[in-house]
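In listed order, ligands and their atoms are each counted from 1. Note that this is a predicted model, so its numbers are computed, not measured.
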Amino acid sequence: TCAFAGQKKVLAAYEEAVKCGYSGARAGRLHTPHGVFDTPMFMPVGTQATVKAVSPRELKEMGAQIILSNTYHLYLRPGTELVAEAGGLHRFMDWDGGILTDSGGFQVFSLGPLRKITEEGAAFRSHIDGSTQFLSPEIAIKAQMNLGADIIMAFDECIPYPAEYQYAKLSTERTTRWAERSQKAHTRSGQALFAIVQGGMYQDLRRVSANDLVSLDFPGYGIGGLSVGEPKPVMYEMLEQTVPLLPENKPRYLMGVGTPDCLVEAVRYGIDMFDCVFPTRVARNGTAMTKSGRLVVKNAAYAKDFLPIDENCGCYACQNFSRAYIRHLLKADEIFGLRLTTIHNLYFLLDFTKKMRQAILEDRFLSFREEFLAQYCK
Ligand SMILES: COC(=O)c1ccc(CCNc2nc3cc4nc(N)[nH]c(=O)c4cc3[nH]2)cc1
Ligand SMILES: [Zn+2]
C-alpha cells in the first residue's frame with residue numbers, strides 16, 4: 001500500500017496491476033501526493049516549467065495527469081532555489097496535477113557541450129551562456145527537492161548509441177553507484193525517487209543494471225539509455241531483457257518514448273509510464289498525429305480541406321476548426337496555429353493511452369494492438 005501520511009518515504013506506490021493475456025501489459029493506478037493516476041500514461045513534456053503553447057487549464061481539460069519538467073534547464077534558468085522560494089514547481093507554474101522531473105542525466109550529455117565525466121559527476125558548459133557547470137547525484141537530488149516534484153529521477157549517465165561494451169559496462173556500474181548516492185541525498189518525504197536502468201544495448205549489462213537497482217529498493221524504475229537512435233527492434237529486445245526483472249508491483253517508466261507504435265509495443269512488455277517531446281515538437285512544425293500516421297497539415301494539399309484534422313477526435317482543435325484554417329494560421333506564422341496542433345497531438349496520445357488501458361481492463365489488449373499496428377504507418 002502507499003502511505004502519504006506519516007514517515008513512510010514510499011509515495012509512488014503501485015496498486016494492483018491487472019494482467020492481460022500472455023502479454024505483460026497491465027493497467028494500474030499510481031499514487032502521488034497530487035492524486036491517483038491511471039496507467040498506462042503519457043506525460044506531456046514541460047521542459048522549462050511550461051508545456052509549450054498550452055496552458056495548465058488546457059492540459060487538465062485534455063486529461064493530462066502527470067507532466068515532466070527538466071532539472072537541467074531549471075537549474076541553469078531560473079535556478080531551483082528561486083522556484084523553491086516561489087513555493088515549488090506546482091505553485092510556480094500553477095499545475096495541481098502530478099509532476100515528474102528528469103535528473104539532468106540525459107540533458108547534460110545531449111545539450112551542454114560536455115566537459116568531463118568523473119566518479120564525482122559531470123562537468124559541462126551551459127548551453128545558455130557557456131558558463132562551466134557541474135552536476136553530481138547530490139546536486140541533482142538537491143535541485144529536485146527544491147523543485148518539489150512528486151516523482152524525481154536518480155542522476156545517471158545516458159550511454160550514447162553506439163557504445164563499446166567496456167564503456168557501457170563501466171558507465172552502468174557508475175550509474176548504479178550514483179543511484180545509491182542519489183538515494184542517500186534524497187531526504188525529502190512526500191516525494192518518490194525512481195532509479196534509472198542503463199546497460200547500453202547489451203543484454204547482460206541490462207540485467208545486471210536492473211538487478212543491482214532492484215536490490216537498492218526504489219519505489220519505481222525508469223528505463224534509460226533507449227530511444228537514443230537505436231533500431232526499434234533493439235529497443236524492444238532491451239525491454240524484453242529488463243522489464244521482467246523489475247518488481248511487478250512498482251511502476252516502470254520508459255524514458256523518451258514516443259510514438260503510438262512504440263507505446264503499444266512497450267505496454268505489451270509491461271511499461272506503465274512514458275514521456276516524449278515528439279507530440280509537442282512536431283506540432284510546432286505543422287505535423288499532426290493520427291491513427292493512420294502523420295498528417296502534415298501545413299501541406300498545400302489541405303489549403304481547401306474544410307474537414308477537421310481527425311473527424312473522430314474529441315479535441316478542441318478538431319471540434320472547432322478545419323485543416324484549411326489551421327494550415328492558414330501556420331503559414332501566416334500565427335501562434336494560435338501552433339497551439340491547435342499541439343492541443344491535438346497531446347490529446348491524441350493521452351486518448352491513445354486511455355484506449356490501451358480500457359483494452360487491457362477488457363482483456364482485449366492483444367487484438368487492440370494488432371488492429372492499431374495494421375492501420376498505423378510510421
Ligand atoms: C520530433 O521528435 C523529437 O524531437 C525527439 C527528440 C528526442 C527523442 C528521444 C528522447 N529519448 C530519450 N529521452 C531520454 C531521457 C533520459 N533521461 C535520463 N535521466 N536518463 C536516460 O537514460 C534518458 C534516456 C532518454 N532517451 C525523441 C523525439
Ligand atoms: Zn484533434
Side-chain angles (χ1 to χ4, degrees), residues 43 45 47 52 58 61-63 68-73 100-111 122 135 137 140-141 144 151-161 163 168 171-172 175 178-179 182 193-201 206 209 221-230 232 235 238 242 253-259 262-263 266 273-291 294-295 297 307-323 326 339-352:
M43 301 181 283
V45 173
T47 292
K52 290 178 171 45
E58 289 165 331
E61 225 171 74
M62 61 174 82
L68 179 141
S69 267
N70 283 110
T71 306
Y72 169 87
H73 294 77
L100 181 149
T101 45
D102 194 355
S103 55
F106 180 76
Q107 287 74 30
V108 163
F109 304 108
S110 64
L111 273 177
L135 274 181
I141 295 300
Q144 291 181 90
I151 301 172
I152 69 173
M153 304 307 287
F155 187 69
D156 64 327
E157 180 188 357
C158 175
I159 299 169
Y161 173 78
S171 168
T172 298
T175 281
W178 283 0
S182 297
L193 169 69
F194 283 15
I196 302 175
V197 178
Q198 292 292 344
M201 305 304 161
R206 282 279 164 184
S209 178
Y221 297 88
I223 299 181
L226 295 177
S227 188
V228 287
E230 77 283 7
K232 286 180 183 176
M235 178 170 82
M238 292 307 114
T242 311
Y253 161 30
L254 178 53
M255 306 184 83
V257 175
T259 47
C262 294
L263 262 64
M273 299 164 70
F274 299 90
D275 88 272
C276 193
V277 295
F278 184 88
T280 40
R281 194 168 292 176
V282 297
R284 292 197 297 280
N285 57 48
T287 297
M289 299 170 75
T290 74
K291 55 186 178 309
R294 303 178 199 188
L295 187 153
V297 72
L307 294 173
I309 288 171
D310 176 347
E311 290 176 301
N312 304 317
C313 177
C315 89
Y316 173 61
C318 295
Q319 291 297 310
N320 299 289
F321 305 98
S322 69
R323 293 164 175 186
I326 296 173
R339 283 179 31 72
L340 290 173
T341 49
T342 301
I343 286 167
H344 168 78
N345 283 357
L346 286 175
Y347 183 98
F348 172 79
L349 266 186
L350 291 164
D351 184 54
F352 185 65

As an exercise, state the distance from CD of Glu58 to CG of Leu346, rounded to the nearest 0.5 Å.
10.0 Å
Distance (rounded to the nearest 0.5 Å) between Ser227 OG and Met255 CE:
11.0 Å
List the steps, then state whether side chain to side chain donor-acceptor pair (under 3.5 Å) holds for Asp275 with Tyr253.
CA-CA 8 Å; Asp275 88 272; Tyr253 161 30; 2.8 Å; yes
Counting C-beta onward and ignoring hydrogens, is there a side-chain heavy-atom pair between Leu340 and Tyr316 closer than 4.5 Å?
yes
Heavy atoms, side chains only, cut-off 4.5 Å: are Thr259 and Lys232 in contact?
yes
Worked check of side chain to side chain donor-acceptor pair (under 3.5 Å) between Gln198 and Thr175
CA-CA 8 Å; Gln198 292 292 344; Thr175 281; 5.4 Å; no
Which pair of heavy atoms, one from [X] and one from [Y], lies closest together, and at what distance?
X	Y	result
Cys276	Gly258	CB-N, 3.4 Å
Met201	Val228	CE-CG2, 3.8 Å
Ile223	Arg206	CG2-NH1, 3.8 Å

Atoms listed for the Zn ion (ligand 2) (protein only, N, O or S, under 2.8 Å, no waters) are Cys313 SG, Cys315 SG, Cys318 SG, His344 ND1
Residue shell for ligand 1, any heavy atom closer than 4.0 Å, reads Asp102, Ser103, Phe106, Asp156, Cys158, Ile196, Gln198, Gly224, Gly225, Leu226, Ser227, Met255, Gly256, Cys276, Val277, Phe278, Arg281, Val282
